[in-house]
Each structure stands twice: as C-alpha cells, then as structure tokens.
Amino acid sequence: MGRPILPGFHPDPSVCRVGEDYYLVCSSFEYFPGVPVFHSRDLVSWRQIGNVLDRPSQLPLPRDTEASGGIYAPTIRHHDGRFWVITTNTSGGGTFIVTAERPEGPWSEPAWIDLPGIDPDLAWGDDGSCWAAVAGTRIARIDPVAGKVLDGPFPAWAGTGLQYPEAPHLYRIDGWWYLLIAEGGTERGHTVAMARARTPLGPWEPAPGNPLVTHRSTDKPVQSTGHADLVRAPGGTWWMVLLATRPRGRTPAFHVLGRESFLARVQWVDGWPQVGEVGSPSGPPPAAERDDFDTGDLAPQWISPRWRPDDSWSLTERPGRLTLHATGSTLDRPGCTFVGRRQQHHDTRVSTRLDPGTATAGLSVRLDEAHHYDLEVSAGVARVVARIGPLRQVVAEQPVPPGPIDLTVETRTDHAGQGPDMIAFRVAGGPPLTELDGRYLSTEVATGFTGRVIGLYVTEGTASFDWYAVEPRPSEPAG
C-alpha cells in the first residue's frame with residue numbers, strides 16, 4: 001500500500017470516465033506544454049497520451065513567470081460528446097475553458113471567462129445548465145462555450161473553518177448536489193471535506209464525517225492528502241483520486257518528488273462517502289525507460305520552463321539525437337534551453353550521452369531557477385555546479401576527452417543522514433565526482449508547488465544528446 005498512481009510531480013488530479021476509459025489531468029504550473037492528460041482502464045496503470053495545452057497560443061506564460069506560477073488545478077469532464085477542461089493561468093489571463101473531441105487533442109483555443117479565483121470546476125445540471133465553482137468557495141452559472149458568467153458568483157459552503165477552502169468539485173448524485181473541497185492548505189494539514197444541497201446554490205449540509213480524508217498528525221508515510229476528485233466505475237463502485245506527498249529524512253522531513261497522485265476506494269453509507277486507504281495496492285513495479293530520440297516529435301513527458309521556442313530544439317538536425325540551441329527560457333541563466341522529465345522515483349539513475357561540441361551543456365536536477373544541481377561539460381572539463389538560493393558554486397570538476405561522453409546522476413535514499421537522499425554525479429561511468437545533499441532540492445527548502453525535474457540543457461552554443469535513460473534503483477521502497 002501507499003504507492004501513488006502517478007509518482008512524481010503530478011498534483012491536483014482530476015478524473016472523468018467515458019465508457020470503460022478513464023482520463024486524468026494534473027497541474028503543470030510554469031512548465032510547457034501544460035496540463036498532462038493520462039489514460040487508464042483500471043485507475044491504477046496510467047499512460048500519458050498528450051498535453052492539453054501544447055501551443056503557445058493556449059498557454060501564454062510571460063518570460064518572467066515565477067516558479068510555481070502558471071497553470072493551477074485543472075478539472076476534466078466529458079459532456080455532450082466532448083471533453084472539457086477548465087483551469088486558471090495565474091500568470092496571464094485568468095480562468096479559461098478548452099474542449100476537444102478526443103482527449104489526445106487537438107484541444108481548442110481558450111475561451112476566457114471572467115471568473116476570478118483558482119481551482120475551477122465544471123458541472124452540468126439535469127436541465128442542461130452549466131455551473132462553475134472556484135476556491136473560496138463560490139459558484140456561478142456560466143455559458144461554457146462563450147466563456148460568460150450568467151449568474152453569480154454566489155458564496156457557497158466554505159468548509160469546516162480551516163484555512164484555504166479550495167479545490168471545489170460539484171457532483172449531481174441521486175437527487176443531491178455534492179460539493180467536495182480541500183481545506184487546511186496543501187501542506188501537512190491538508191484535508192478533504194464535503195457538503196450537499198438540493199440545488200447548486202444551497203443551503204449546504206456538511207457531511208457528518210468531515211474530514212473525509214486527512215493524514216495530518218499521523219506517522220503515515222503518505223502525507224498532505226487532499227485536493228480530491230470522485231469517479232464512478234462501470235460496475236458501480238466509486239473511487240477518489242487525490243494528491244499527497246511522501247516526505248523523507250529527519251524532521252521536518254522533505255518531499256522532493258512534488259505532490260503526487262494517489263487513489264482510494266470510496267463507499268457510500270447513508271448518502272455520504274467513506275474513503276478507504278490512500279494508495280494503490282497493486283500498481284506495476286517501477287520500470288526502466290529510455291528515449292532514443294528517433295521519433296518525429298518529443299514524447300509528451302518532456303517539459304520546459306515557460307515555453308519551448310521552435311528554434312531551441314530539433315530532432316531532425318541530427319537524426320536520432322535531440323539537438324539543443326541556447327535560445328531558451330530559464331531565468332537564472334539567460335539563453336539556457338532546458339528539456340526535462342519529472343523525477344518519479346526516490347532512488348533512480350538518469351543517464352544521457354552528450355556530444356557537447358564547443359557548447360556548455362549537461363544534465364540538471366532542477367526544482368526551480370534558484371535550486372538545481374548541474375553536471376555540465378565545457379571546454380574539455382566536466383564540473384558539478386550547485387545553485388542553492390543566492391549561492392552558485394562549482395563543487396567538483398575533472399578534465400574529459402573531446403567527443404561524446406556519458407553523464408549520470410543517481411539519487412539514493414539517505415538512511416543515515418539528515419536529508420531525504422544523496423545525489424551522485426558520474427562521468428563516463430566512473431566514480432562520483434561528488435555527492436550532494438538532496439534536501440536543498442526539496443519543497444521544504446525551496447518552497448513552491450512543483451517537484452524535481454531531471455533534464456538536458458545547454459547554456460552556450462549547440463549540443464546534441466543521443467539518448468536519455470531512467471533506471472529506478474532496487475532500493476525504491478513500497479511506500
């Protein structure tokens with residue numbers, strides 16, 4: 001028990017079902033493309049099939065968008081033969097709706113709607129009326145096609161009195177309107193609570209068992225449980241997807257993978273849901289992955305901060321390689337192009353083969369602009385560079401021969417130390433150049449809402465990468 005269904009930085013899950021198929025979306029914050037979309041047949045094994053926001057016109061993120069800005073808390077629904085996603089771009093434009101005939105896309109251009117707030121939700125009544133809810137909690141009747149508020153927003157049930165009532169989801173079930181929210185903040189005090197009413201405008205009756213879910217003040221390895229969504233399986237059973245974290249290390253403990261998506265069984269008793277154990281009991285074991293860059297486009301798992309200019313990368317310039325040009329989008333290193341994938345396992349080995357040419361390029365473990373460790377090659381020297389807050393320092397270096405070279409970073413649980421893990425950096429399969437404490441690349445140190453992303457980068461010139469491989473290590477625990 002205790003395994004996430006989507007490990008790594010996949011927070012704020014929202015799910016819908018169409019026939020035998022389930023579709024799930026997550027927050028993406030400052031990364032492009034935005035709002036990853038996943039498919040499953042069993043709610044346990046998920047495959048990313050695309051990104052909802054895969055064009056700059058859908059996801060206008062200013063170049064100065066801060067870490068943990070951008071896209072917050074999407075909701076996905078299927079209605080009248082179409083898929084609908086509503087979300088908020090906190091860095092430009094506000095709340096908007098996009099639609100698609102197929103979850104893989106293409107998704108429409110945004111229909112912007114004047115509905116201030118975050119964590120927006122969509123629900124339809126029996127009469128075809130469409131209702132939107134936002135954190136707070138406030139509810140409005142809207143025209144989702146035109147992006148217009150028709151009535152409201154009206155104040156609704158704001159929870160049990162804890163801070164930050166947010167993540168509202170409305171459901172029409174057995175003659176009732178149910179309102180599911182999160183409370184207590186997305187940190188260790190996170191909870192899930194519910195109320196119901198006969199109309200979307202109340203009056204609201206709180207669930208007698210609130211909170212429905214919380215792990216606060218427990219010693220469970222899964223913490224920060226909240227921001228949930230409900231789905232009914234074809235056989236009539238109910239399930240909840242929700243976010244949680246897996247902190248490690250000494251107090252206060254550190255979570256480095258970000259907020260992850262988990263699953264819990266739901267049973268209805270006397271008109272209210274009761275939520276079972278949080279965590280997938282039988283998910284597939286962690287599997288090795290490798291990208292040889294031999295397809296026509298980047299796989300949907302690859303993300304970049306803020307945007308990915310067309311002239312910053314190529315898969316055709318050197319077929320079978322990812323070529324990066326220093327024309328990219330990070331804030332701390334002007335011109336840096338970064339293309340990465342979410343770290344999904346606590347104990348993992350990530351490797352690549354770099355042909356640096358005359359460039360400055362390498363492999364980076366990134367939490368945000370001010371918190372990252374880089375293994376880079378430049379002018380015949382490999383070096384490890386640590387950026388922690390305002391400090392940037394070269395902590396190790398060694399000469400390397402010209403031509404392609406293998407770079408590796410390894411994370412391993414730090415059972416004896418203070419932090420969650422140690423991160424080792426290797427060149428050409430040799431001994432570590434150095435090992436660095438992983439707690440400085442954690443949310444507890446850096447703050448924010450994201451998790452680690454391990455990726456390829458170039459800061460000067462042009463460099464090519466032959467492949468990228470991820471190997472979960474045997475020490476990855478079950479919880």
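Just the heavy atoms: all of them, side chains too, but no hydrogens, waters or symmetry mates, feed the values below. Remember, predicted model here, so these are calculated numbers, not experimental data.
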Donor-acceptor contact below 3.5 Å, side chain Trp107 vs main chain Pro103: yes
Flag, side chain of Arg172 to backbone of Gly175, donor-acceptor distance under 3.5 Å: yes
Plane angle bin for Tyr373 and Phe425 - parallel if under 30°, tilted between 30 and 60°, otherwise perpendicular: perpendicular
Test salt bridge (Lys or Arg N to Asp or Glu O under 4.0 Å) applied to Asp219 - qualifying residues, sequence neighbours left out: none
Stepwise side-chain hydrogen bond (donor to acceptor under 3.5 Å, both in side chains) test for Gln58 and Ser108: CA-CA 8 Å; Gln58 298 169 303; Ser108 69; over 6 Å; no
Inter-residue atom distance Leu298.CG - Leu322.CG, 0.5 Å rounding: 5.5 Å
Derivation and outcome, side-chain hydrogen bond (donor to acceptor under 3.5 Å, both in side chains), residues Ser351 and Thr408: CA-CA 4 Å; Ser351 302; Thr408 300; 2.9 Å; yes
Side-chain (Arg77) to main-chain (Val15) donor-acceptor, under 3.5 angstrom: yes
Salt-bridge contact Arg349-Glu410 (side-chain N to carboxylate O under 4.0 Å): yes
For Asp437, all residues meeting salt bridge (Lys or Arg N to Asp or Glu O under 4.0 Å), sequence neighbours excluded: Arg439
Trp313 side chain near Trp302 side chain, heavy-atom distance below 4.5 Å: no
side-chain hydrogen bond (donor to acceptor under 3.5 Å, both in side chains) between Arg259 and Thr186, worked out: CA-CA 9 Å; Arg259 299 169 301 158; Thr186 195; 2.8 Å; yes
Residue pair Asp21, His39: steps toward the side-chain hydrogen bond (donor to acceptor under 3.5 Å, both in side chains) verdict: CA-CA 7 Å; Asp21 299 287; His39 170 259; 2.6 Å; yes
Plane angle bin for Trp177 and Trp131 - parallel if under 30°, tilted between 30 and 60°, otherwise perpendicular: perpendicular
Interatomic spacing from CZ in Phe83 to SG in Cys16 - rounded to 0.5 Å: 5.5 Å
